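Notes follow once the structure below has been shown.
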Amino acid sequence: MEIYCDGERVFLSRDYRVEGISKKELLESSEEKIVWQSEKLSETPTRLTNTRYHLVGAGGSKLVRMDRRSGETVEIDAGNEVKDVTSDLRDIFFVTAEGVYRVPAERFVESEIVRYPVSDTLDKPIRSIDVLGDVVFVIGGNFLYKLTTEGEKLSEKALTEGVKVLSDYEGPVAITGKEVVYLTEEMEVLSSGSYEGVYLKAEHGAYNTFLLSDKTFSVFGKTGQRYAHVDGAHYPSFTEGLNHIYFYDEEEKGLSVAGKKDLLGDNFQEIDLATLVGIVAGSLMLAEREGAEVLLREEKGFIDVHINGEHVPVERVILKLSKYFPEVFYLYKNPGYYDEIENFAERFDLFKVEGKDVRLNADLLERLLELHSSFRTFREDIAKDIIGLAVR
């Protein structure tokens, strides 16, 4: 079984099906209100990830794509057992023990699966993959690899007993059988921390790495320090939301919720999704004030940015801003929050869609400049970096 989430639902895979469960009902009344249920699958997914419109699962040699709002299901065969799967807004990346693959989320058919030729040069077995912008990180044998999303090998790092790789906006986070290892973009070790027990699952958001073993649930910071842990819990899986952690409780046979603030205390400040969207929109307006021509377009459900005539996908803007506002990284890390960008933008009048054009709210930037110190302190650097995205 496995659990994962987006902005509105917690997804639970068990007994050859996946269920989409209302977050609102779970948080307000602890009720597991099933919004949709997938058809019966060939395998129960043990890995879940989101793209713009879909929840994607992997179980055995099967990949399954589900509409996040309805559960409508498409299943294809990957050929061999899928060891790990990840995604960005548009593509799905996965590994078997022998290869690294990509398949488009919208053209989800076996004939569209591409195996990277670089797979033949990687140490085996291949165990894990994650994506960060234009690169993917892969654990194979006793190495951590950095590849382009097109399959070119950029660098490698010796890594013993690697079981999972996760991306942070500053570089990869590698999980071994004993440690959480933070690395820089250049694949140099930044810090590390140890954990007890056998690894089960890990997720990494903006500030922390959450790791579940058969003995404890631990929370690590980028210094390698373990800030919090829970021993003896009966959790086979969990998933991270913006302000909560969702667990599957084996004893209760159901979902439970823990607030991050309860786990981390003063180390955690609650994250407001509307503010995250405002930061993205406000940063684009800073670039406008510095003389750049900024145009937002919405086509086929994707919001794209044109800066000085160059097309820049909004996810690249989000990733660039993460170094100034780490909490924005959640919008990149989990594409399942993309719907909420539009929902919250409309609700709080952050920007308005007029045909294909998207107009920014001019009053928004003034409020952010008043309320958020980073906008005042780094306004010139933010604008420079945003404009720089348009330079090829």
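Positions are given from 1 along the sequence. Note that the structure is a prediction, hence the values are computed from the model and not measured.
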Who are the ring-ring contact (aromatic ring centres under 6.0 Å, His included) partners of Y324, not counting sequence neighbours?
F378
Hydrophobic side-chain clustering at under 4.5 Å (ILVMFWY, transitive links): who's grouped with V35? Put none if nobody.
Y4, F11, V18, W36, L41, L48, L55, V64, M66
Could K62 and E43 be called an ion pair, given the rule that one side-chain N must be under 4.0 Å from one carboxylate O?
no
Using the ring of Y145 (Phe, Tyr or Trp, six-membered ring only), decide whether K153 places NZ or CZ under 6.0 Å from its centre and within 45 degrees of its axis.
no
Any residue meeting side chain to side chain contact (heavy atoms under 4.5 Å, CB included) with A97, in chain and number order, not counting sequence neighbours:
K83, P125
I113: which other cluster members, linking ILVMFWY side chains closer than 4.5 Å, directly or transitively?
V56, L63, V74, I76, V82, V85, I92, F94, Y101, V103, F108
Kindly write out the residues that satisfy side chain to side chain contact (heavy atoms under 4.5 Å, CB included) with E32, not counting sequence neighbours, or none if the list is empty.
R14, I21, L26, L255
Side chain to side chain contact (heavy atoms under 4.5 Å, CB included) against D91, all qualifying residues, sequence neighbours excluded
D88, F93, R102, P104
Give the intermediate values and the outcome of side chain to side chain contact (heavy atoms under 4.5 Å, CB included) for residues R379 and R289.
CA-CA 10 Å; R379 57 187 299 170; R289 285 196 173 183; 3.9 Å; yes
Cationic N near anionic O, under 4.0 Å, E203 to K201
yes
Hey, are K384 and D381 close enough for a salt bridge, meaning a charged N less than 4.0 Å from a carboxylate O?
no
Can you list, by chain and residue number, the hydrophobic cluster partners of V109 when the side-chain cut-off is 4.5 Å?
none
Ring centres of Y337 and Y330 under 6.0 Å apart?
no
Starting from V173 and following side-chain heavy-atom contacts under 4.5 Å between hydrophobic residues (I, L, V, M, F, W, Y), which residues can be reached?
V163, L166, I175, V180, Y182, L190, Y195, Y199, L211, F220
Would you kindly say whether D134 and T149 are connected by a side-chain donor-acceptor distance under 3.5 Å?
no
For residues 115-128, which residue pairs pass the salt bridge (Lys or Arg N to Asp or Glu O under 4.0 Å) check, not counting sequence neighbours?
R115-D120
State which residues pass side chain to side chain donor-acceptor pair (under 3.5 Å) with E196; sequence neighbours excluded, sorted by chain then number.
R226
Quick test of your reading of the model: are E8 and R68 salt-bridged, counting only N-O distances below 4.0 Å?
no
Taking salt bridge (charged side-chain N to carboxylate O under 4.0 Å, His left out) as the test, write out the residues that go with D130, two or more places apart.
K333
Side chain to side chain contact (heavy atoms under 4.5 Å, CB included) against N243, all qualifying residues, sequence neighbours excluded:
F268, E270, I271
Do the rings of Y332 and F329 sit parallel, tilted or perpendicular, given the 30° and 60° boundaries?
parallel
Side chain to side chain contact (heavy atoms under 4.5 Å, CB included) for S13 and E2? Distances and angles first, verdict last.
CA-CA 5 Å; S13 72; E2 177 62 302; 3.5 Å; yes
